[in-house]
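Take a look at the structure set out below.
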Amino acid sequence: MWIQLHTYRRFPFWTLPLAVGIVVMFLPYLGASRGMLRLIISIALLSMLVVGLNIAFGFAGELALGQVAIYSAGAYCTGYFAVEGLGLPVTFMVAVLAAIALGIITGVPGLRLASWSLGMVTFFMVLLVPDIVQLLSPFTGGSAGLAGIPPPSLFGHDFDTESLYILVIAVTIVVIALLRNYIVSRHGTALKVIKQSPDLARSLGYSVPRMKLTAYVISAFPAGAAGCLFAYDHSVVTPESFSFSLTVAILAASIIGGSSSIYGAVFGATVMVIGPLRAGVFQEFALVFFGLLLVVGGLFLTNGAANLLDKAFRRIFVKNDLMPDVREALQNPKTLPQLTGCRLRVSGLNKNFNGNQALKNVHFVAEPGQIIALIGPNGSGKTTLLNAISGFVRPDSGEIRVGDSPLTRLSAHHIARRGVARTFQTPLIPRGLTVAEVVASARYRSEATSVISGMLTLPDTRGAIRRDRDTAISLLSVMGVVELADVLADDLPLGTRRIVEVARALASSPSLLLLDEPASGLDEVEVHVLADVVRRLRDAGATIVIVEHNFEMITSVADRIDVLHLGHVIASGSANQVRNNPAVIESYLGRAARQRAENDRGSDRSWNPR
Amino acid sequence: MTTLWAGLVVGAIYALVAVGYNIVYIASGVFNFAQAQFVMVGAFTASVAATTIGLPLWAAIIGAAIVGGIIGALEEILAIRWLRGRGAHNELVTTLGVATLLSGLALAIWGSLPRPLGYFENARVLDLLGGRVVVTDLLTIVAVITVTIIVGQVSNRTMLGLASLATSEDREAGALRGINAGAMTVGAFVIAGGLVAALGPLIASKTYVIYNVGDLLAVKAFVALAVGGIGSYRGALLGGLGVGVVEIFAARYLGTAWQNIAIFVLLLLILMFIPKGLFARRVARAI
């Protein structure tokens with residue numbers, strides 16, 4: 001039995017977990033036992049903690065170990081205010097706000113250093129829970145605990161055991177649904193880009209620290225909500241409930257279910273609650289067991305159960321045919337829209353790396369509708385120049401302008417937002433994304449939608465997702481690779497990946513396109529295809545700067561060639577002019593070669609540097 | 001002055017673990033969450049050596065170093081090596097797993113109560129520079145400073161240290177220059193594990209021999225590293241001593257409930273305002 005790809009894509013799979021959730025929610029009326037309900041409450045609370053970790057770790061790539069501390073903050077806030085007689089809406093709000101506040105306090109400093117500093121900061125936060133509970137013992141009850149928490153009340157209705165259970169499950173369903181929407185909206189793809197290549201993310205105009213902080217704060221909010229429900233469910237809050245081993249258990253559950261999945265969190269939580277967390281017998285071996293689980297899971301379960309399931313399902317049931325819009329694009333190939341390139345003007349640019357003068361007073365202009373090639377021996381400053389224009393290297397002095405806006409001191413993502421798009425020497429194609437998603441990832445900033453809109457799938461998010469797809473399909477059609485739109489991009493051969501990178505660079509409608517050695521590693525046919533694409537971009541009005549070693553390709557596309565040597569532009573002109581320039585010959589091959597070339601020219605033979 | 005001495009001892013312990021973090025990080029780019037557990041490994045090894053076998057102190061220290069080195073090697077071979085080249089941050093998970101496993105094993109074997117160490121039981125107290133300090137504590141400070149200086153010199157002056165630095169900058173380039181990057185990495189785990197475990201017995205005279213001694217030590221040594229700048233041995237030493245002094249003074253003047261919180265606040269402030277630390281030497285990298 002095969003399912004068509006577009007049926008698979010369009011099928012509302014979310015209805016299945018939702019249906020399961022609703023059935024679980026009404027279990028009290030289906031005759032489930034008290035013990036059963038207690039078990040499910042534990043699973044639901046742990047699921048929320050795990051799903052939060054998955055957002056931070058699985059998607060944003062930041063190991064946030066502080067779920068337990070945030071959980072405790074939610075629980076203590078709720079407990080305190082409930083004892084003071086406040087109702088559920090207030091306590092819930094306070095718990096969530098406390099979670100967000102803790103997220104910001106630890107996230108802002110924690111995200112400033114390498115990837116494990118947030119892990120350490122948040123781990124420390126968990127170890128501080130007993131100290132803080134002790135310090136605030138007038139509010140928390142110290143080590144004796146905060147007892148006598150009344151059942152929640154909402155608009156005059158007091159919850160009993162059954163309705164409290166329903167409340168817990170309902171909140172869990174809503175939280176998971178919101179996070180699921182956040183991930184399947186464009187933010188999930190953007191997080192995958194950030195996690196795998198911050199450089200690529202910046203070149204696409206993403207503000208990496210801000211997005212990581214947002215993801216981390218979002219990951220804190222389920223823990224706060226779970227803490228609130230925990231306080232009501234247990235009616236007493238003691239510091240022992242928020243131990244280090246719970247931290248490890250959350251991480252283990254995340255890895256079992258798959259850190260980069262949403263529903264996997266529920267699966268992992270279920271396994272942990274039914275298995276190790278319930279079996280009191282091996283309490284003293286719990287740490288050993290969790291430790292082994294982390295080592296083995298970290299080594300082998302990179303994708304977890306959820307992703308394995310999804311992959312297996314796709315392989316067995318889904319037919320790899322083309323989506324309708326792809327078929328449409330194959331029948332009526334799209335043409336390149338008019339591009340509005342801007343003038344690039346680089347003047348007096350200098351850059352010194354610890355005494356190595358990589359750029360020396362570089363002047364350089366590129367006009368719309370022109371292809372400018374930068375060549376030069378290795379170490380001549382070509383890539384440094386490209387990096388300086390796109391903001392990855394900050395020049396010491398000089399000026400860079402695109403159109404009317406100066407870019408000189410801006411950081412990479414601001415430069416990208418002003419219309420500078422680039423490709424990379426080694427194509428940066430994140431794993432786990434389809435070709436269409438890779439191309440569309442460049443539109444995340446140029447048509448930005450908010451996180452809230454993503455969580456609620458508001459019309460603007462839906463519209464943006466539709467336009468992402470349309471843009472990707474039409475650009476891929478222009479590039480002649482539209483039939484690959486729905487395959488995983490990182491599996492493709494190098495030449496195709498370079499084409500995909502060019503399509504991605506175009507998706508944000510840039511005013512300047514920088515290509516960093518696009519032909520390296522390609523065979524002759526692929527170079528041909530690429531050269532053709534680049535020429536068509538120029539004819540559509542783009543401003544293109546291309547760094548390249550392949551002289552043949554350059555002569556076939558470039559309107560002007562600038563030669564860099566030791567950070568200087570030593571020659572500029574057509575392929576022929578450059579080829580016969582004595583300074584160029586000397587820089588490539590040394591003085592002896594120049595003399596030989598001159599002798600050769602004396603005997604009326606032309607010389608070719610390659 | 002007595003408080004200052006107490007701070008320096010605690011700080012020396014953090015500095016030692018921070019040096020361990022650095023050795024591994026410089027050679028392999030991995031942050032070894034489990035590094036602090038090697039203090040516990042050394043302490044338990046010594047405790048067993050003293051109470052069960054009855055070995056003299058020097059033998060116990062050598063034993064601790066050997067056990068630490070072996071566990072370090074096992075950690076690298078079993079939990080780190082297979083992850084290389086996969087890109088994800090999974091070594092964070094596996095090293096945390098190793099840390100949990102080690103303290104879990106200690107808990108399962110020896111229980112949750114502190115064990116007697118068996119050495120340094122009647123250490124003398126000295127009056128030094130206007131403060132009182134136990135001889136073993138003074139020994140800890142001196143030992144850590146010596147170890148840090150030696151490691152720092154080896155790292156900066158010898159081929160071994162430079163090779164290790166080269167592999168951390170660019171693993172492939174290092175390999176092409178004939179550096180055995182794999183051996184380099186195991187070596188770093190072994191040396192870091194052995195060094196930290198060797199001083200475990202000395203440290204345990206201060207901290208008790210208990211299964212969870214590594215947990216807070218891990219984060220506080222990280223604070224030392226953040227203060228001093230990741231990758232810098234001088235930074236690890238001064239950062240560690242500084243953190244220890246801040247902690248003990250906070251405990252003395254604000255109350256013991258504040259000592260960990262003070263360090264946490266210090267960490268947040270450092271990350272916020274001097275994220276590179278005081279002695280950072282890593283340069284910015286472009287594409």
Side-chain angles (χ1 to χ4, degrees), chain A residues 57 61-63 65 105-106 108-117 119-121 123-125 127-128 131-132 134-135 195-196 199 203 244-245 248 251-252 255 259 284-300 302 353-354 383-384 387 392-393 424-425 428 431 516, chain B residues 25 30-31 33 75 78-80 82-83 86-108 111-112 211-212 215-216 218-220 222-223 225-226 230 255-261 263-264 267-273 275-277 283-284 286-287:
Chain A
F57 181 52
E62 290 291 336
L63 185 55
L65 297 171
I105 291 172
T106 52
V108 172
L111 288 166
R112 290 181 66 101
L113 212 60
S115 60
W116 24 267
S117 77
M120 277 313 209
V121 169
F123 180 51
F124 202 160
M125 183 162 74
L127 298 178
L128 286 182
D131 288 350
I132 291 178
Q134 201 57 49
L135 270 180
K195 178 185 173 187
Q196 295 183 38
D199 286 335
S203 83
F244 169 61
S245 61
V248 184
L251 187 54
I255 285 168
S259 296
E284 49 175 345
F285 293 106
L287 284 180
V288 178
F289 181 76
F290 291 157
L292 278 176
L293 208 60
L294 291 190
V295 174
V296 175
L299 287 177
F300 301 109
T302 24
F353 288 115
N354 301 327
T383 295
T384 306
N387 283 341
F392 287 93
V393 163
F424 297 87
Q425 268 178 39
L428 293 178
R431 262 168 291 130
D516 195 356
Chain B
Y25 180 71
V30 170
F31 182 77
F33 233 113
E75 180 184 6
L78 298 178
I80 303 287
W82 297 11
L83 293 172
R86 290 218 221 141
H89 295 301
N90 276 15
E91 76 272 359
L92 287 174
V93 176
T94 54
T95 55
L96 180 61
V98 171
T100 312
L101 183 61
L102 287 176
S103 79
L105 282 174
L107 175 66
S112 62
Y211 76 100
N212 61 0
D215 294 351
L216 265 172
V219 285
K220 289 185 185 165
F222 171 73
V223 182
L225 209 58
I230 290 158
T256 45
W258 284 96
Q259 69 183 73
N260 295 335
I261 296 172
I263 302 299
F264 186 63
L267 173 63
L268 295 188
L269 291 178
I270 286 281
L271 290 179
M272 204 55 222
F273 298 109
K276 282 182 185 158
V283 277
I287 314 167

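- Scored by the side-chain hydrogen bond (donor to acceptor under 3.5 Å, both in side chains) test, Gln259(B) finds Glu247(B) as partners (sequence neighbours excluded).
- Between chain B and the residues Leu127(A), Asp516(A), Leu293(A), Leu135(A), the most heavy-atom pairs under 4.5 angstrom are made by Leu135(A).
- Both the backbone and the side chain of Val121(A) come within contact range of chain B, judged by heavy atoms closer than 4.5 Å.
- Once rounded to the nearest 0.5 Å, the distance linking CD1 of Ile105(A) with CE of Met272(B) reads 11.5 Å.
- Between Phe123(A) and Phe33(B), a ring centre-to-centre spacing shorter than 6.0 Å is recorded.
- For the atom pair Leu128(A) CG and Ile261(B) CD1, the distance stands at 6.0 Å (nearest 0.5 Å).
- The most heavy-atom pairs under 4.5 Å with chain A, out of Thr256(B), Thr94(B), Ile80(B), come from Thr94(B).
- Comparing Asn212(B), Val98(B), Leu267(B), Asp215(B) by heavy-atom pairs within less than 4.5 Å of chain A, the highest count is held by Asp215(B).
- The two residues Ser103(B) and Leu287(A) come nearest to each other via the heavy atoms OG-CD1, 4.1 Å.
- Every residue meeting the side-chain hydrogen bond (donor to acceptor under 3.5 Å, both in side chains) condition with Asp131(A), not counting sequence neighbours, appears here in chain and number order: Asn260(B).
- Of the inter-residue distances, the one linking Arg112(A) atom CZ with Ile270(B) atom CD1 reads 11.5 Å to the nearest 0.5 angstrom.
- With a threshold of 4.5 angstrom between heavy atoms, Ile263(B) approaches chain A through its backbone and through its side chain.
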Practice problem: Output, in order, the C-alpha distance, side-chain angles, deciding distance and verdict of side chain to side chain contact (heavy atoms under 4.5 Å, CB included) for Ile255(A) and Val93(B). | Solution: CA-CA 9 Å; Ile255(A) 285 168; Val93(B) 176; 3.0 Å; yes
Exercise. Report the C-alpha separation of Leu101(B) and Val288(A) in whole Å, then their side-chain angles, then the decisive distance to 0.1 Å, and conclude whether the side chain to side chain contact (heavy atoms under 4.5 Å, CB included) test is met.
Key: CA-CA 5 Å; Leu101(B) 183 61; Val288(A) 178; 3.7 Å; yes
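- Per-residue heavy-atom pair counts under 4.5 Å with chain A were compared for Gly104(B), Ala226(B), Gly111(B), and the maximum is reached by Gly104(B).
- Leu216(B) CG to Phe124(A) CZ: the interatomic distance, rounded to the nearest 0.5 Å, is 6.5 Å.
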